[in-house]
Structure formats: C-alpha cells, structure tokens
Protein chains: 2
Amino acid sequence: MVTRDDVARHAGVSVAVVSYVVNNKNNVKEETRQKVLRAIEELGYNPNMAARSLKTRKTNQIGVLFNNLGNSFETGISLGLEQRARQYDQSLIFQTYIRSEEHKLKSIFSGRTDGIILMGQSLKPETIEHFAKFGVPLYSVLKPVQDHAYVRSIDIDWYDAMLKLVEHLKSLGHHKIGFMANAMHDHYHHVRFLHFRQAMEASGLEFEEHSLLQAGGYLESAYDRMSNRIKANPKLPFTAIVCAGDLMAIGVLSACKDCGLSVPGDLSVAGCENILMTSHTTPTLTTIHYPRKEIGYMAVDTIMGQIHNGDEPTDSTFGFELMIRQSTVKPTG
Amino acid sequence: MVTRDDVARHAGVSVAVVSYVVNNKNNVKEETRQKVLRAIEELGYNPNMAARSLKTRKTNQIGVLFNNLGNSFETGISLGLEQRARQYDQSLIFQTYIRSEEHKLKSIFSGRTDGIILMGQSLKPETIEHFAKFGVPLYSVLKPVQDHAYVRSIDIDWYDAMLKLVEHLKSLGHHKIGFMANAMHDHYHHVRFLHFRQAMEASGLEFEEHSLLQAGGYLESAYDRMSNRIKANPKLPFTAIVCAGDLMAIGVLSACKDCGLSVPGDLSVAGCENILMTSHTTPTLTTIHYPRKEIGYMAVDTIMGQIHNGDEPTDSTFGFELMIRQSTVKPTG
DNA sequence: TTGTAAGCGTTATCAT
DNA sequence: ATGATAACGCTTACAA
C-alpha cells in the first residue's frame, strides 16, 4: 500500500501538501502541485478511503436495503439509485433485509454509510432510533407499512392507482375482483392491498376475504398458489384478479395456462409495477406503471440533501400510469 | 457517535478492555466483561468500521462489478454472492462497470474492499496490475474474454454446453443456425459466441457471418433487432437461433410473435442461462441451465480463501444442464 | 486481568 | 505557500 507519506517523501514535500493537492486546495504553487501529481502517478497512489472517512466523518457510501435481489421490480429501482449515486460519487452498499438479523445492520453500517435507503421495510423503532440518534438519515422508496416520524418516503399514490385499476375493471363489467399479495404483514405489498380494499369500497364493490390469495415470495409461489387454488375448485369466486407484484401476475398467467384456464377469457389478470416483462407475456399484462428509475433518482437526491444540507425530507408521491393491455377484458357470461 | 472511549469511561475500565470484550478475547474477568457489555448496551455503542478497517487492514467488504443490474441473469448470480457473503459476515459493495470510468475503481475501492468479484469484465491490464500490486484479489464469475494471469474465474464449460445445444438442434434437423449476442467485443457474450462457432464446426455445420445478429443491450434491443431483421426480409437464413442471453431470447420470441413468425413452427429459439422467466414464456424456452447460485457461492468461497488464507485460485468449471423445452422443434419443410 | 501507548492513513489547525 | 502536529476510533504489543 502506498500512503501519503510515501508520496510526500517521493515528491520532497510535506504530507500536508499532498493532502492539499489531492483535495484540490487552491493554495499550492503550480510547480509543487505538478511535482506531487507526478509522484502520485509514479507510485500509483490512491487515498485510503477508510482513513479519510475516519477523519472527515463522511463515507461517501449509501446503504441500500433490498428485500429480494431477484425481483426485477426492486432491481429496477436500484438501477435508478445506482445511476444517480454515481453522479454524486457515492457507492452503494447493498444488504438484503432479513428481519431476524435486523440488529446486525447497526454494526454493519456503523461508520460505513452516510445514509440508508430502504425499500419499504418497516424497521423496528429501536433500529430507527439508533440511526436517528447518530444522525444517519433513513429514507424509503415505497412507503413502509409502519409509519415512523424519522423515515419519510417516496412512492406513487397507491390509493389513486388502485382506484384507476379497479374502475377500469369495473367498467369492463367485473364486480368480483380477487387480490394476490405477499403474505408478510410488514411487506410493502400490504400497502397495496390496503389501498386496493379502499378503492374497492370507494367503487362500491365488495371485497370478500376468500378472494385474497397470499403467496410467499414471487413468481414461483404465485404460480403454485394459483395452481392449487384452481385445482381445488376451478370455479373461482372472482372474474378478475389484481396481483400486488408483476412477477406474481406472471406466475398467475402461467398457472392459468397450465391449468386450462384462459386469460383473459376466463379470468382477467392485472399487475402493479410494469416491469419490462409485462409487455412480453402472452397475453400482455395490464398493470400500473411504477416509475422506478425516476423514483430511484429522487430518493438519492433527497438523501443527499439530508446528508449534505441537513434538509428535512418529506413524504412525496410520484405520478403513475395505468397500462391497459391484453390481460383484462370484459368477463364472459 | 458513541466511541470506545465513552464505553470505557462509562464502564470504568480502560479502552483496551472494551476492545477485548468487543473482540471476544478470553482474557477478561467475567465480571468486568458484564460491566462492559452493559455499558455497550446502555450507550448503544457499535464499533466504527472505518476505524477498525484502518487498523486491521481488513474491510470485510467485497466489491462486486456488475454489467447491468437490470439483467436477471446477473442479479441471480448476485443472489448467490449475497447469501454466501452474509455467512462470512462480508458486505457487498456494488458498482456498475463502465469501461470509460474504469480508472475510478482504483480510488473507489482503495482501502474499502478486501477483494473484488468481477462478472466477466476484461479489465485493462493496468487496472488489474494495480490491484495485484496491492494484493487485492480479483476473481471473476464468467470467464473474461481477455485472459490475465491475476484474474482466475469460475464458469461453466461453454464449449461443451454449446456443443450439446448445437447437437440438439442438429438432431432435430437444423443445419442453418443463427446466433444473437451483445455487440461489445469485451462482453461476456463474446465467449459464448466463440464457443458456439467452435461447436458448430465440431458438429460439421457451417456458421455464416450474416447469421450473427448483434444487439446492444438486452430484451428490448433484441426485440428491435429481430423485428427489423424480419421486416427487412421475412425469409431468414436460418431455421433456429441461439441467443447468448435469455432476455434476448425472450425479446426474439416477442418479436416473432409481433411479426407473425411462429415459434417454434417457423423458427426454433434457444437461450443460454435458464433464468426463471424462460419456463413461463409462450412457448417455454429451450436453454442452458447456468447454476447461478452455486457459482455465486463458489466465487465467494474462493475469494475468501484468497483473502484469508492466501490461496492461489484456479480456473474452475461447474456443471450445466441442457433444458429442452417447447421453443425448439423439428424445422418444417 | 487490566492499563498504557504507539500507530493505521487521513485531514485540518496553526505556525512559519 | 508549506510544514509540524494533533486528532479521528480502533487494535495490540507490552507493561504493570
């Protein structure tokens, strides 16, 4: 490892001068600067980030808490996060969130990160307050189920989105609409479910508890859940189903195909995210466009404001769009 | 921020003792240990990782170089990396690799990472030698196009895989086989392409240059490329096409559908990765199963061996499996 | 069993 | 314009 001392010695200046050059201070004679730059070049010197962080109390790293790296909805958001973070010269340090290991986050991120971006997780108050105490900003993409004063978020207006989707289905003639979501109560799908129910009510439609299908994870579990449901009783209590995640909707599509249920003939299916795949399924999938990249950008902008300017973040919502495609049509009969 | 000094003062012991306790040294009286633990608890203390890294010269962070966070093949590998890294208590710091910004990696990772896992990138020799000089191990999932003595890799045997795939198509009666890949010459698709050509030759089939379709990125660009190709001349010079990436294959499927070309009736299509989606397309996709998670595990195991035991890594290959599904059948006519 | 103190590679204050 | 030097929070001989 080449240190600043080595550079200083090599260039025949003091360690301070090397720092000045590295940090672009304007108080260094051009000649000296060149000498130092040459030394840096010759030795292949790069400042040690750990040492720098220790001294400056800035890490230039932002933590990102995933739920599932394999979910293209979440990676789509990260794509936005990553691009924007790069512009700020910030590195992202990714962690998959596992509730039973939540306490580890405190040590993992200690002195490692200037702020943390969540993806809808409802952290334990104790954890949140730990970070609050040490002034580490938390900001969430996707509104967490459990609200906490220290964690503001950016999301779309799910109530409005669900209302549009439900109204769309209703206008086609659907009155019995099912819903499929991740079973975890603190999962971000829960927010979608709550708003779906409200939208149903506002539309004068009744939602029946047995029309809620819970599936553990993503595509495969949705496929299994739907297949089993159909096999148990091919007569479904709804003519359309909304899936909290697009991957789930694709699993449902696939299950219907394999079980001989025609979509959209026998059942209309809708998703909630507009991941790329949804325009390439057969049939193409009606869904809500979630502006992943833009929201990723805004999340980074916001947390950077918190970190560098001490901005007080607020909850904000971003526009969505209802994408009507082939998977939703008038119910038969 | 609570420091070790605060804890020491609060517990009425010296700073060293706090360190002993934190690092589970066995030379601390049980009573003192309890006192310290209580102080840690009460103050909400967590060791500052930056400071610890500086002293111990271990960061417990591993860099991961992505090409595209939006590609589920790559995120599938990361899923394996992440899971295994967690077991070693290592954090992953993700960077999207951009060739024109490659030099930045040196500073970004300086003092930040104990090793770096690549995903098939051919780094510039200068960059590789920089990390070699400072003893930062580099290890690649996916064999890079450009070989370098310092960068060993784990991958499947692409020649064998392509041979199996080509033989499968040949046995169905295909003699003209097209190939679609990312155009970048240093992209990991290139490795697949080279082995495909060898496999064609070994199978006694001729590969014609105009049967190589290059598409920039992933699903959408593959879709565009294929659509344009069909529109330009619906009579394709091949009866089957192998796509270097599954997402590309899905794009091709979609393009064929939209252009009125039937798969597998008019054209057989195969992929190379077996991402989850490939078993849910219409038709389901013949592809090569790439054991992403297992390879991710092994990559972490290997680099941990390099980091902690100074192991000399070697190139290794992992088993694959040919997944024959609906998208490849006997050519008509 | 516990404490003292040096040092990891920086930055930043204060002299010069 | 440049140079000493004291932190930053931690680990680890070595001393007590």
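Below, chains carry the letters A, B, ... as their sequence lines are ordered, and counting in each starts from 1.
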Could you give the [atom1]-to-[atom2] distance, from [X] to [N], as a whole number of Å?
X     : N      : atom1 : atom2 : result
B:N24 : D:dT11 : CG    : C1'   : 14 Å
B:N27 : D:dA16 : CG    : P     : 18 Å
A:M49 : C:dG9  : CE    : C1'   : 12 Å
A:D6  : C:dC8  : CG    : C1'   : 13 Å
B:L54 : C:dT11 : CG    : P     : 12 Å
A:R9  : D:dA4  : CZ    : P     : 13 Å
A:Q34 : D:dA1  : CD    : P     : 15 Å
A:R52 : C:dT11 : CZ    : P     : 5 Å

Exceeds 12 heavy-atom contacts within 6.0 angstrom, atom CD of A:E42: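 Buried by this count: over 12 neighbours within 6.0 Å.
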Over 12 foreign heavy atoms within 6.0 Å of CD, B:E102: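 Enclosed.
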Could you list, one pair per line, each protein nitrogen or oxygen that sits under 3.5 Å from a nitrogen or oxygen of nucleotides 12-16 of chain C, together with the distance?
{"residue": "C:dT13", "atom": "O4", "partner": "A:Y20", "partner atom": "OH", "Å": "3.3"}

First of A:R33 and B:M1 reached from the 5' end of DNA chain D, by closest nucleotide: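 Result: A:R33.
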Ring geometry between B:F94 and A:F94 (parallel below 30°, tilted from 30 to 60°, perpendicular above 60°):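 Geometry flag for B:F94 against A:F94: tilted rings.
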Ring geometry between A:F73 and A:Y188 (parallel below 30°, tilted from 30 to 60°, perpendicular above 60°):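 Answer is tilted, since the angle falls between 30° and 60°.
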Flag side-chain contact, heavy atom, 4.5 Å: A:K104 against A:I98: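 When only atoms from C-beta onward are counted, A:I98 and A:K104 do not touch, as no gap falls below 4.5 Å.
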The single option from B:E126, B:E101, B:E129 passing salt bridge (charged side-chain N to carboxylate O under 4.0 Å, His left out) against B:K106: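 That would be B:E126; it is the only one of B:E126, B:E101, B:E129 passing the salt bridge (charged side-chain N to carboxylate O under 4.0 Å, His left out) with B:K106.
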Contiguous Watson-Crick or G-U pair runs (3 or more, under 3.5 Å) in DNA chain C: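 C:1-16 with D:1-16 - these are the stems of 3 or more pairs that involve DNA chain C.
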Respond yes when some side-chain nitrogen or oxygen of [X] is under 4.0 Å from OP1 or OP2 of [N], and no when none is.
X     : N     : result
A:R57 : D:dG9 : yes
B:T3  : D:dG9 : no
A:T32 : D:dT2 : yes

Smallest separation among heavy atoms of B:V136 and B:G115, with atom names: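 Taking B:V136 first and B:G115 second, the nearest heavy atoms are CG1-CA, 3.8 Å.
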Touch class at under 4.0 angstrom, heavy-atom based, for [X] against every strand present:
X     : value
A:N48 : sugar-phosphate
B:V22 : nothing
A:N46 : sugar-phosphate

Nearest to side-chain heavy atoms of B:S14, which nucleotide of C:dT10, D:dG3, C:dT4: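 Among the listed nucleotides, the one closest to the side chain of B:S14 is C:dT4.
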Worked verdict on A:D114 versus A:R57 for salt bridge (Lys or Arg N to Asp or Glu O under 4.0 Å): CA-CA 9 Å; A:D114 298 333; A:R57 294 146 167 298; over 6 Å; no
Stepwise salt bridge (Lys or Arg N to Asp or Glu O under 4.0 Å) test for A:R152 and A:D311: CA-CA 12 Å; A:R152 305 282 32 103; A:D311 294 354; over 6 Å; no
Distance flag, aromatic centroids of B:Y97 and B:F66, threshold under 6.0 Å: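 No: the rings miss the under 6.0 Å criterion.
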